[in-house]
Amino acid sequence: MKDITVHSNLKALGGVGVPANQDTKKIGGEEGGASFSDTLTESLGKVNDLQKEADMAIEDFATGKTRNIHETMIAVNKADLAFRLTMQVRNKIVEAYQEVMRTQV
Amino acid sequence: MLIDKLLFSDKTPLVLKKGLDFQSARNLMLSTNIGNMETPDFKAHDINFEQQLRDVIKSGNQLQVRSTNSKHFGASDDGLKFLEPSPFELKDPAKSNGNNVNIDKEMGKLAENQIMYTAFIQLMMKRGSTVRSAVTELPQQ
């Protein structure tokens, strides 16, 4: 997950076409608010953390530190669902990007 | 290989794989105990996966390996990779014929072992399906 540098890629995209004036800043929301790429990076970090948590839960279950099958299962399912959601969000972003690129000028 | 690393040689998958190895070995051992419940002088045997796994993971934590270069290998998982079941004899009091198999206990352990085996398989499949979703999901055209 570390290798995906969403931040740098999105910044590179921001430079294409539209000149960097105030209008592009408004898209990012209010002044001082988190930008889209920050939000995305943060979410990816959270998904990664969830997967690490799930791995820890599995290890604890295997070493007998916890006897709760359900907690382990919940952690693993949570990580899986979060990952799938991320996949779909990524698909939507790519789709939107392609839509914009196809637009006739 | 990346897939191999994701599914089999990383720490958590290795723990799961070893867990399944141990549980199938334990199943065999418990069946042997039950099969020999009338054999004179037979002593029941068992293995403790949790204990052995804890020992390996703890000893791995005591050895502090620091990498000063990004190209260094991390601490090796060899202790875990070559973990073998070490059976021990149960100390239960023997009956008059020298046999100490307690059938109720063995049946209970067998049931528990089976549940754990199924749970491990489920966890392994869930992890596999996450990787599978990453591989197969394409952005919609």
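Order of the sequence lines fixes the chain letters, A, B, ..., with proteins taken first and strands second; residue numbering starts at 1 for each chain. Remember, it's a predicted structure, so these values are computed and weren't measured experimentally.
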Side-chain heavy atoms under 4.5 angstrom apart, residues restricted to Ile, Leu, Val, Met, Phe, Trp, Tyr: same cluster for [X] and [Y]?
| X | Y | result |
| --- | --- | --- |
| B:L30 | B:F120 | no |
| A:F36 | A:V89 | yes |
| B:L14 | B:I121 | yes |
| A:M87 | A:L50 | no |
| A:M73 | B:L20 | yes |

| said: Can you give me the closest heavy-atom contact between A:I58 and B:R127, atom names plus distance? | reply: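 It is CD1-CD, 3.9 Å.
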| said: Restricting to non-hydrogen atoms, name the atom on B:S129 and the atom on A:R84 that form the minimum distance, rounded to 0.1 Å. | reply: O-NH2, 3.3 Å
| request: Please say whether more than 12 non-hydrogen atoms of neighbouring residues, nucleotides or ligands are located less than 6.0 Å from NZ in A:K78. | output: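 No, not enclosed.
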| query | If you count the non-hydrogen atoms of other residues, nucleotides and ligands that lie under 6.0 Å from NZ in B:K95, is the total more than 12? | reply |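 It does: B:K95 NZ has more than 12 such atoms within range.
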| Proximity breakdown for B:F22 and chain A, heavy-atom pairs closer than 4.5 Å | neither
| said: For a 4.5 angstrom cut-off between non-hydrogen side-chain atoms, does A:M56 reach B:T12? | reply: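 Answer no - side chains too far apart.
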| said: What I'd like to find out is whether the side chain of B:K126 reaches to under 4.5 Å of the side chain of A:V76, using heavy atoms alone. | reply: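 Sidechains of A:V76 and B:K126: in contact.
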| said: Under a 4.0 Å threshold between the charged nitrogen and the carboxylate oxygen, would B:K11 count as salt-bridged to A:D55? | reply: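 B:K11 and A:D55: not salt-bridged.
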| query | Is it true that A:E59 and B:R54 make a salt bridge, defined as a side-chain N closer than 4.0 Å to a carboxylate O? | reply |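 A salt bridge is absent here (no side-chain N lies under 4.0 Å from a carboxylate O).
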| said: Are there residues of residues 101-118 of chain B whose heavy atoms fall under 4.5 Å of chain A's heavy atoms? If so, which? | reply: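 Those residues of residues 101-118 of chain B which have a heavy atom under 4.5 Å from chain A are B:E112, B:I115, B:M116.
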| said: Among A:G64, A:A79, A:A54, A:A62, which residue has the highest count of heavy-atom pairs closer than 4.5 Å to chain B? | reply: A:A62
| message | Quick check for you: among B:L16, B:V15, B:L123, which has the greatest number of heavy-atom pairs under 4.5 Å with chain A? | response | B:L123
| task | Find the distance between OG1 (B:T130) and CG (A:D80) and round it off to the nearest 0.5 Å. | result |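 So the OG1 of B:T130 and the CG of A:D80 are separated by 3.5 Å.
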| task | Starting at CD of B:Q122, measure out to OG1 of A:T72 and round the result to the nearest 0.5 Å. | result |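 Between B:Q122 CD and A:T72 OG1, I get 12.0 Å after rounding to 0.5 Å.
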